[in-house]
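Presented below is the structure to which this report refers.
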There are 2 protein chains.
Amino acid sequence: MTTTEQQTGAAADEQAAAPARPLRADAERNRVRILAAAREVFARRGLEAGLDEIARHAGVGTGTVYRRFPDKTALVEALFDERLDQVVACVKDAVADPDPWAGLCAALESLVAMQIEDHGLKDVIFGEIGDLESFRSRRAEILPLVEQGVRRAIDAGVLRPDVELTDFAAVQVMLVQVAAFAEAADPQVWRRYLHLLLDGLCTRREAPTPLGGPALDLDAFEAACGRHLPAPTTQPSAPTGR
Amino acid sequence: MTTTEQQTGAAADEQAAAPARPLRADAERNRVRILAAAREVFARRGLEAGLDEIARHAGVGTGTVYRRFPDKTALVEALFDERLDQVVACVKDAVADPDPWAGLCAALESLVAMQIEDHGLKDVIFGEIGDLESFRSRRAEILPLVEQGVRRAIDAGVLRPDVELTDFAAVQVMLVQVAAFAEAADPQVWRRYLHLLLDGLCTRREAPTPLGGPALDLDAFEAACGRHLPAPTTQPSAPTGR
DNA sequence: CTTAAGCGGAAGGACTCTCTCCGGATGGAC
DNA sequence: GTCCATCCGGAGAGAGTCCTTCCGCTTAAG
């Protein structure tokens with residue numbers, strides 16, 4: 001960690017991609033494959049995925065990953081820096097909707113959908129990797145946007161006035177979590193709860209708005225509860241007795 | 001699961017507590033202390049707590065824990081068998097309320113409150129330890145109760161009719177998760193979202209019902225996001241570079 | 001052709017957690 | 001008061017996990 005030279009050099013390569021010292025063709029090719037593999041593996045399994053898995057998936061050795069990115073955090077940062085730009089842009093679009101209510105709905109839906117399609121993104125947002133600086137700044141961009149969206153919707157009289165910014169964030173947390181919970185059983189069922197929450201968030205309503213798709217059936221729910229034992233390896237097995 | 005003898009024997013000791021062969025006085029004393037320690041540690045840290053920690057907290061050696069309970073699962077089962085009875089009773093009471101709506105609210109609130117006060121209970125319910133038989137049967141008791149409560153509330157016209165049993169369960173999941181998320185910042189703030197969800201669940205309403213306590217402030221929310229690095233041991237320390 | 005850059009992947013820690021083992025201590029029956 | 005079955009503590013074996021390094025071989029490119 002003390003030797004700074006290589007790190008600075010590597011970082012420059014990752015971002016500027018050429019100026020300092022253009023990577024050898026095969027190295028550049030591998031860099032791209034590693035990023036693609038990381039994007040895919042992190043999206044599917046979240047940040048808990050090991051670098052071995054990413055290397056295997058990219059068809060390179062683990063050493064190759066480490067020559068390009070000094071450590072796991074650097075890889076995550078390189079990947080999600082761009083990704084978070086998309087999140088910001090997406091939220092910006094949503095809250096800019098001329099209809100304040102539609103804007104809030106869209107922001108909520110996009111945020112949850114993005115995090116469910118990319119579990120790595122969820123983990124970054126939830127700080128599962130220990131406070132990435134790159135996200136701290138993005139959160140500072142997103143929150144005021146949402147704040148503005150919330151205020152606008154309250155002023156328009158469509159959003160209940162006792163809702164605060166952090167409530168909106170908490171609603172998003174609830175949706176992401178229930179979506180992750182039910183994901184294996186039905187990756188779309190969280191939209192029911194989006195509608196349910198929106199019905200709770202609006203100022204008043206005569207009748208429930210339709211929930212959208214079907215609910216989970218009982219078997220699917222049971223399965224969602226018991227999904228924590230896919231481990232195919234050696235269990236304590238039989239001869240554990242004493 | 002294959003070796004039945006010892007387990008059956010041990011189980012008998014734990015439950016009947018005397019008939020077969022009364023434990024020596026000190027052993028019995030330790031058994032009680034272990035259970036008390038486990039109750040406390042599991043409640044605070046969830047089932048991920050190690051048996052070493054429980055042993056230390058009980059003031060005994062780990063070997064002592066293992067002599068009394070053949071493995072971690074047995075200890076968990078011994079503890080939560082009784083605990084789950086309380087859950088069933090509590091839900092039974094709630095849905096028996098003469099007011100169907102009040103019954104549902106009470107059931108939801110109790111379920112969430114119990115799981116937040118006892119993270120081990122939450123983990124058992126969410127299957128974090130691999131399908132305890134003892135809970136499978138309890139779930140079979142609870143679900144029909146809730147089902148009946150839901151149906152009654154729909155028939156009474158207070159609960160929106162497109163809600164199904166698993167939706168109720170999912171709502172409970174959302175609340176437990178958001179409660180766990182915000183717990184360190186404010187252990188009560190989930191009640192705001194209980195009210196919010198209830199407003200979404202009811203058939204119609206003129207105005208929002210009050211949310212109860214205050215929302216999280218921004219700092220508290222930030223802290224809740226970044227709470228995954230309380231590790232007091234050797235951090236990467238300063239020279240982590242960037 | 002030469003050589004520095006790059007490559008794979010085995011191996012080196014550094015953890016974690018469950019569970020076992022055994023010499024020594026002790027409750028309680030007689 | 002004696003004696004031994006029972007129990008105790010806690011070190012450590014064993015089995016994982018994951019991040020990171022190292023080194024002999026390969027290869028792009030001037």
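None of these values were measured; they are calculated from a predicted model. Below, read A as the first sequence line, B as the second, and so on, with proteins coming before strands; counting in each chain starts at 1.
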Interatomic distance, [X] [atom1] vs [N] [atom2] [rounded to whole Å]:
| X | N | atom1 | atom2 | answer |
| --- | --- | --- | --- | --- |
| A/Lys72 | D/dT20 | NZ | P | 9 Å |
| A/Leu75 | D/dT20 | CG | C1' | 14 Å |
| A/Arg67 | D/dC22 | CZ | P | 12 Å |
| B/Ile34 | D/dC8 | CD1 | P | 7 Å |
| B/Arg33 | D/dC8 | CZ | C1' | 12 Å |
| B/Arg68 | D/dG9 | CZ | P | 11 Å |
| B/Glu53 | C/dT16 | CD | P | 12 Å |
| B/Ile54 | C/dC19 | CD1 | P | 12 Å |

Problem set entry | Closest non-hydrogen atom pair between B/Met174 and A/Leu197, with its separation | SD-CD1, 4.1 Å

Exercise. What closest approach, in Å, do B/Glu141 and B/Pro144 show between heavy atoms, and which atom pair accounts for it?
Worked result: O-CD, 3.4 Å

Problem set entry | Minimum-distance nucleotide (side-chain atoms of B/Arg21 versus D/dT6, C/dC19, C/dA10) | D/dT6

For this session: Look at the side chain of A/Tyr66 and decide which nucleotide, out of C/dG8, C/dT20, D/dC19, has an atom nearest to it.
Result: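 Nearest listed nucleotide: D/dC19.
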
Seminar exercise, completed: Residue pairs meeting side-chain hydrogen bond (donor to acceptor under 3.5 Å, both in side chains), one or both in residues 170-184 of chain B, sequence neighbours left out, come to B/His119-B/Glu183

Exercise. So what does B/Asn30 touch, heavy atoms closer than 4.0 Å: a base, only the sugar-phosphate, or nothing?
Worked result: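 It contacts sugar-phosphate atoms only.
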
Do any N or O atoms of the protein come closer than 3.5 Å to N or O atoms of nucleotides 24-27 of chain C, and which pairs are they?
from: C/dT26; atom 1: O2; to: B/Arg24; atom 2: NH1; distance (Å): 3.4

Problem set entry | A/Asp186: side chain to side chain contact (heavy atoms under 4.5 Å, CB included) partners, not counting sequence neighbours |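 Side chain to side chain contact (heavy atoms under 4.5 Å, CB included) check on A/Asp186 returns A/Gln188, A/Val189, A/Leu216.
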
Is it true that [X] and [Y] have a side-chain N and a carboxylate O under 4.0 angstrom from each other?
| X | Y | result |
| --- | --- | --- |
| B/Asp118 | B/Arg44 | no |
| A/Glu82 | A/Arg39 | yes |
| A/Arg31 | A/Glu28 | yes |

Exercise. Distance check: side-chain N/O of B/Thr64 vs OP1/OP2 of D/dG9, anything under 4.0 Å?
Worked result: yes

For this session: Report the residue (A/Gly61 or A/Asp52) whose heavy-atom-nearest nucleotide on DNA chain C is the more 5′ of the two.
Result: A/Gly61

Exercise. Listed in order of residue number, which residues of residues 42-51 of chain A have a non-hydrogen atom at under 4.0 Å from DNA chain D?
Worked result: A/Gly50, A/Leu51

Problem set entry | Residue list, salt bridge (Lys or Arg N to Asp or Glu O under 4.0 Å) with B/Asp26, at least two apart or on another chain |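 Checked B/Asp26 against salt bridge (Lys or Arg N to Asp or Glu O under 4.0 Å); matches are B/Arg24.
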
Problem set entry | Pairs where residues 166-193 of chain B contributes a residue and the test ring pair (Phe, Tyr, Trp, His ring centres under 6.0 Å) is met, not counting sequence neighbours | A/Phe126-B/Phe181, B/Phe181-B/Phe221

